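From a predicted model like this one, the values you see are computed outputs, not experimental measurements.
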Amino acid sequence: MKAAIIGLPNVGKSTLFNTLAAAQVPTENRPFCTIDPNVARVPIPDPRLDAVADASGMQRKVYATLELIDVAGLVKGASRGEGLGNRFLAQVREADAAVHVLRCFESGRVTHVSGAVDPVDDAETVNTELMLADLATLERALDSARRRAKSGDPDLKKRVEELEALCNHLGREVASPGREDVPSSPGREGGSAFVEGGTPSLLTRMPTLYALNVAEEHIAKGGQADLAEEYAAKRGKPAVRVTAQLESELAAMPQEEQQDLRKGLGLPHETLQRFMQALSTLLNLNTFFTAGPSEARAWLIPNGATAHYAAGRVHTDFQQRFVRAEVTPWRDFARTPQPHPALKGRDYEVRDGDVLHFRAG
């Protein structure tokens, strides 16, 4: 899973990256402090894996990972190449999700690119640039589709109609307030009806989590983060509050000191765990576990994936020679030294927290 951290300059993107990745990339009070993207593969803390490893006697634990990309700050005009816009947008398109950082704190030491802290206006600036970039992408696809549709192919004519509808929708949204995401396919429910050539990769379709960078006193409620939460909720997007600077400092401390300070300051659970819970829900992901012969390991799969699919995540041989899966809920596995697993076939839908052992023929 790959998540791109996006937002305006000087909102705390690199600070949040340091928090999540326990890294120390530059965080300076100037636009475009980040030029080339910072990338880190971050283990996802999961106490369920700890319990599975303890029950199975495995010393080695391999957590599922999140790949984080800290990209350059977006500015107005990025869709036309202003700032580092074109490079920024290309990096974001490669991700599975976006973490959109909104600055919700006041500080005389950290300048704001527009001179005033307004997270809703900031969000609109970024989202407008994403829509403008998508509109340019769709217009190029539409030009190509119109040329190909001259052959008279009815499927290509249908594609032209759908691309025209999407272009018109985005054009209206860019020109008016109260914007929404581009629909998956006009007049259809479910996924896109686009035919040969597929749907263009659209930034406005990317699952997005809003990270509200707040002052310590507003970690639970209050401040401009309240308005940002309303903005996210109206668009059906999840939002998580974080004090990025404080969390970054905590991340650099030994674990025991972190816990003591967190408790003393009344801070919630670790930022990475809260973000991963929100991202997993956003991306509709489940986690399953394996134990043995030398390690306990966590694996991410789409919600609704089958045992046959999960076997392929572990090893292609298990998928090709699949016989059955032995399934134990992680709580049962952790409680019972020798659990009695249920035997499941290839079409079994793996549940979040299952411990799986695959039998291959």
Side-chain angles (χ1 to χ4, degrees), residues 2-9 32 37 69 71-100 113-114 120-210 231-232 234-237:
K2 182 185 296 186
I5 301 177
I6 69 172
L8 294 176
F32 308 117
I69 310 171
V71 299
L74 185 67
V75 295
K76 189 174 290 188
S79 59
R80 302 187 303 275
E82 294 290 334
L84 300 174
N86 291 334
R87 289 170 60 185
F88 165 92
L89 296 171
Q91 292 154 6
V92 176
R93 289 184 197 280
E94 298 173 358
D96 300 303
V99 176
H100 187 164
V113 290
S114 64
V120 172
D121 186 67
D122 291 353
E124 288 286 275
T125 296
V126 171
N127 290 333
T128 296
E129 292 303 321
L130 298 183
M131 284 190 288
L132 287 168
D134 279 350
L135 187 57
T137 298
L138 287 169
E139 287 172 344
R140 288 193 295 271
L142 178 58
D143 287 343
S144 174
R146 282 172 173 163
R147 289 194 298 271
R148 297 170 62 204
K150 291 179 181 178
S151 66
D153 187 318
D155 286 338
L156 291 175
K157 288 183 177 180
K158 181 63 177 176
R159 175 172 170 78
V160 168
E161 293 173 3
E162 292 181 327
L163 285 168
E164 287 175 339
L166 281 173
C167 285
N168 291 335
H169 173 85
L170 269 181
R172 289 192 301 270
E173 291 301 320
V174 168
S176 64
R179 303 177 177 91
E180 299 175 358
D181 289 338
V182 60
S184 60
S185 183
R188 305 276 184 111
E189 293 185 1
S192 169
F194 288 172
V195 293
E196 181 184 356
T199 309
S201 175
L202 299 181
L203 296 163
T204 47
R205 282 187 179 160
M206 180 171 289
T208 301
L209 169 67
Y210 283 100
Y231 177 89
K234 286 179 181 177
R235 285 150 184 78
K237 307 291 187 184

* Side-chain donor/acceptor of Arg159 to backbone N/O of Asp155, under 3.5 Å ->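 Such a contact is absent between Arg159 side chain and Asp155 backbone.
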* Asked: Is the backbone of Ala141 close enough, under 3.5 Å, to the side chain of Ser144 for a donor and an acceptor to pair up by distance?
  -> no
Where do [X] and [Y] come nearest, in terms of heavy atoms and distance?
| X | Y | result |
| --- | --- | --- |
| Leu170 | Leu135 | CD1-N, 3.9 Å |
| Val160 | Leu142 | O-CD1, 3.8 Å |
| Met206 | Val92 | CE-O, 3.0 Å |

Nearest 0.5 Å, please: how far is [atom2] in [Y] from [atom1] in [X]?
| X | Y | atom1 | atom2 | value |
| --- | --- | --- | --- | --- |
| Asp134 | Arg93 | CG | CZ | 6.0 Å |
| Arg172 | Met131 | CZ | CE | 12.5 Å |
| Arg205 | Leu203 | CZ | CG | 11.5 Å |
| Ile69 | Ile6 | CD1 | CD1 | 11.5 Å |
| Asp121 | Leu8 | CG | CG | 8.5 Å |
| Thr125 | Leu130 | OG1 | CG | 11.0 Å |

* Asked: Would you say the side chain of Leu163 lies within less than 4.5 Å of the side chain of Arg146, judging by non-hydrogen atoms?
  -> no
* Side chain to side chain, Leu138 and Leu202, heavy atoms closer than 4.5 Å -> yes
